[in-house]
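Remarks on the structure that follows.
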Amino acid sequence: MKLTRLVLGYIGLALLGCSSAKQIPYQAKWNAPFNYVDGLAPDQQDQQSRLAYGIINDDSFLYITLKTKDPNTIQKILSSGLKITLNPEGQRKGQFSLQFPVVMKEDRRALRNLDMDMPNSLGLSLLLDSYNKEALWKDQQGQHFINLVEPDGSIKSVISMGRNNELTEQIILPFSLINMDLAQVQDIGIVIEIDGQSSRSGISPRIGIGLGGGIGMGSGMGVGIGTGSGYGNNNSDRAIKLKLDVKLATNI
């Protein structure tokens, strides 16, 4: 009997830890001309990570907005990055993905151990400026870095911190890059993944903020992302994975 209870307990914990691994249906909204420049207010939220998300589209582009005020989730994103995998219906899964922001491996430990005053921090501003230079894109040719600064870049990703301590990520991606014709296919799987604080990644991007060697930015300025969270520590090291089953909007 005790063994049965123990097994059931482990199963319960496993289901709790994988609660966001189930498919979540989502209906995207149509992007009328010039609406996106005003910002898309996310209309859904993952309760575990408090990561809010919203998706709109037009005939040519997919627009994704992510927002969170949760200190633990912000810490994970700034120190490990966020990965979005795109799985258009009828295509091989996992061949398209975007990782942004990307972080130097040697900077990660320093980022997790230092503190700063968010959002009124020059160090944070410099950190986000460095993050907004490039992203890691995966397609049929494999993984490669894409320049986010060039005005003619095909993918745009921007991360920012508001004065209300809310982190925002906005992504604009052309359907042509994922071989998707909205006239033929309106369904796409979108997986949003954020590593736990102890997760390790083999990615070593070219962008660095000079923390790994103890140099800091500017005149010995330290940056970091201490949480000071009142949400508790039970989920602070847990990876986040949201699987969205997205029905794209059509202009009818």
Side-chain angles (χ1 to χ4, degrees), residues 19-20 24-32 34-58 61-86 97-103 111 116-121 124-125 127-133 135 148 155-173 188-197 223-232 235-236 238-249:
S19 61
S20 59
I24 304 170
Y26 184 90
Q27 176 61 60
K29 297 172 181 60
W30 184 256
N31 178 40
F34 311 114
N35 276 4
Y36 191 73
V37 295
D38 298 324
L40 170 67
D43 55 354
Q44 300 291 333
Q45 178 173 276
D46 174 54
Q47 295 305 311
Q48 175 185 313
S49 61
R50 302 184 187 226
L51 181 69
Y53 52 91
I55 301 170
I56 61 177
N57 69 276
D58 52 30
F61 293 92
L62 181 70
Y63 306 83
I64 302 173
T65 297
L66 306 170
K67 290 179 178 286
T68 183
K69 293 183 181 179
D70 182 81
N72 285 323
T73 301
I74 291 173
Q75 183 179 43
K76 292 173 189 175
I77 292 173
L78 292 183
S79 62
S80 297
L82 179 147
K83 180 180 179 181
I84 294 180
T85 302
L86 304 148
S97 67
L98 180 75
Q99 181 153 338
F100 174 80
V102 285
V103 190
L111 278 169
M116 67 180 173
D117 177 23
M118 294 192 300
N120 302 310
S121 168
L124 175 62
S125 177
L127 172 66
L128 296 181
D129 284 345
S130 71
Y131 280 167
N132 286 322
K133 287 183 170 60
L148 300 175
I155 297 177
K156 291 299 179 187
S157 296
V158 178
I159 186 169
S160 60
M161 180 72 74
R163 294 198 171 275
N164 60 349
N165 287 336
E166 183 175 57
L167 186 77
T168 299
E169 286 198 44
Q170 294 181 310
I171 298 164
I172 306 176
L173 187 140
I188 183 172
I190 298 179
V191 181
I192 302 170
E193 297 178 84
I194 305 171
D195 284 342
Q197 294 174 19
V223 283
I225 41 180
T227 62
S229 171
Y231 297 119
N235 295 326
S236 63
R238 183 174 296 169
I240 298 162
K241 187 172 184 178
L242 305 179
K243 294 183 177 180
L244 308 183
D245 183 11
V246 179
K247 182 74 172 180
L248 295 172

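Residue numbers start at 1 and run along the sequence shown.
Taking both residues in full, the closest heavy atoms of Asn165 and Met161 are given as C-SD, 3.8 Å, listed atom of the first, atom of the second, then distance. The heavy-atom pair separating Glu169 from Pro101 by the smallest distance is OE2-CD, 3.9 Å. For the pair Lys67 and Pro42, the tightest heavy-atom approach, listed with the atom from each and the gap, is CD-CD, 3.7 Å. Heavy atoms only, all atoms of each residue included: Gln27 and Lys247 are closest at NE2-O, 3.1 Å. Between Ile240 and Ser49, the shortest heavy-atom contact is CD1-CB, 3.2 Å.
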Which is it for Asn57 and Val246 under the side chain to side chain contact (heavy atoms under 4.5 Å, CB included) test, yes or no, and what are the steps along the way? CA-CA 11 Å; Asn57 69 276; Val246 179; over 6 Å; no

Go through the steps to decide whether Tyr131 and Val158 satisfy the test side chain to side chain contact (heavy atoms under 4.5 Å, CB included), and finish with yes or no. CA-CA 8 Å; Tyr131 280 167; Val158 178; over 6 Å; no

Residue pair Asp46, Ile24: steps toward the side chain to side chain contact (heavy atoms under 4.5 Å, CB included) verdict: CA-CA 10 Å; Asp46 174 54; Ile24 304 170; 5.8 Å; no

CA sep, side-chain torsions, deciding dist, call: Asp195, Lys83, salt bridge (charged side-chain N to carboxylate O under 4.0 Å, His left out): CA-CA 9 Å; Asp195 284 342; Lys83 180 180 179 181; over 6 Å; no

Show, in sequence, the C-alpha distance, side-chain angles and deciding distance for Ile171 and Lys156, and conclude whether the side chain to side chain contact (heavy atoms under 4.5 Å, CB included) test is met. CA-CA 6 Å; Ile171 298 164; Lys156 291 299 179 187; over 6 Å; no

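Distance alone, capped at 3.5 Å, places no donor-acceptor pair between the Thr68 side chain and the Thr73 backbone. In terms of modelled atom types and a separation under 3.5 Å, the side chain of Asp70 and the main chain of Arg50 share no donor-acceptor contact. Under a 3.5 Å cut-off, the side chain of Asn132 and the backbone N or O of Leu148 do not form any donor-acceptor pair.
To the nearest 0.5 angstrom, Leu248 atom CG is 9.5 Å from Trp30 atom CH2. For the atom pair OG (Ser157) and CD (Gln170), the distance works out to 10.0 Å, reported to the nearest 0.5 Å. Between Gln44 atom CD and Tyr26 atom OH the span is 6.5 Å, to the nearest 0.5 Å. Leu173 contributes atom CG, which lies 7.0 Å from atom CD1 of Ile64 (distance to the nearest 0.5 angstrom). Distance CG/Leu242 to CD/Gln45: 10.5 Å, rounded to 0.5 Å. Rounding to the nearest 0.5 Å places CG of Leu86 at 8.0 Å from CG of Leu98.
Looking at Ile192 and Leu244, their side chains come closer than 4.5 Å, going by heavy atoms from C-beta outward. Counting heavy atoms from C-beta on, the side chains of Ile74 and Lys76 never come closer than 4.5 Å.
Side-chain contact, Tyr63 with Asp58: a donor N or O sits under 3.5 Å from an acceptor N or O.
Each of Leu82, Thr168, Ile77 was checked for a side-chain contact (heavy atoms from CB on, under 4.5 Å) with Ile159, and the lone residue meeting it is Ile77. The only option from Ile55, Leu167, Ile84 that meets the side-chain contact (heavy atoms from CB on, under 4.5 Å) definition with Leu66 turns out to be Ile84.
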